[in-house]
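Working notes, structure below.
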Amino acid sequence: MVPLEGHKFALGEVVLTQGVHQLVLQGLVNPAELLRRHGLGDWGDLCDSDKRLNDSALRPGDEGRVHSSYEMDGVSTVWVITEWDRSVTTLLLPSEH
């Protein structure tokens with residue numbers, strides 16, 4: 001898998017959970033923007049230690065899951081998780097994990 005131009009890693013297949021899909025239909029979430037931020041290494045609303053874990057997961061030979069968290073409207077939070085092998089990226093609500 002090849003990363004999109006400017007992205008730090010490949011996203012693989014992108015999937016949305018039902019909860020995120022409903023937010024998209026309501027116009028509350030723009031998945032393309034969240035995927036852009038995630039792929040560029042903008043981890044959103046994570047603590048510093050989780051951000052460091054993501055940065056470490058991007059080093060060759062040290063691949064791991066990459067996780068971002070974005071507060072959308074002061075109420076909803078969307079997680080974006082890319083699997084360790086970069087085969088799938090999932091947008092989901094924390095309650096769907």
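Numbering starts at 1 and runs along the sequence shown. Computation of the quantities below employed the complete heavy-atom set of this structure, encompassing side-chain atoms and omitting hydrogens, waters and symmetry-equivalent molecules. Nothing here was measured: the structure is a model prediction, and the numbers come from that model.
Taken to the nearest 0.5 Å, the OG atom of Ser69 stands 10.0 Å off from the CG atom of Leu34. Distance check: Met72 CE to Asp45 CG gives 9.5 Å after rounding to the nearest 0.5 Å. Here Thr82 contributes atom OG1 and Lys8 contributes atom NZ; the two are 13.5 Å apart, rounded to the nearest 0.5 Å. Put simply, CG on Leu93 and OG1 on Thr77 are 8.5 Å apart, with the number rounded to the nearest 0.5 Å.
Grouping the Ile, Leu, Val, Met, Phe, Trp and Tyr side chains by contacts below 4.5 angstrom, directly or via other members, places Val88 apart from Leu58. There is no path of hydrophobic side-chain contacts, each under 4.5 Å, that joins Val15 to Leu92.
Side-chain contact check for Thr90 versus Trp79: every heavy-atom pair is 4.5 Å or farther apart. Between Leu53 and Leu46, every side-chain heavy-atom pair lies at or beyond the 4.5 Å cut-off. In this structure, the side chains of Ser76 and Leu23 come closer than 4.5 Å at one or more pairs of heavy atoms. His97 is listed as a side-chain neighbour of Ile81, based on a closest heavy-atom distance under 4.5 Å. When side chains are defined from C-beta on, Leu40 counts as touching His7, because their heavy atoms get closer than 4.5 Å. Contact annotation: the side chain of Asp55 approaches that of Trp43 to within less than 4.5 Å [non-hydrogen atoms, C-beta and beyond].
Within the 3.5 Å criterion, the main-chain N or O of Val66 finds no donor-acceptor partner in the side chain of Asn54.
When each of Val80, Val20, Val78, Leu16 is checked for a side chain to side chain contact (heavy atoms under 4.5 Å, CB included) with Pro31, only Leu16 meets the rule.
For the salt bridge (charged side-chain N to carboxylate O under 4.0 Å, His left out) test, residues two or more places apart in sequence or in another chain that qualify with Glu83 are Arg65.
Between the side chains of Thr89 and His38, no donor-acceptor pair is found at a separation under 3.5 Å.
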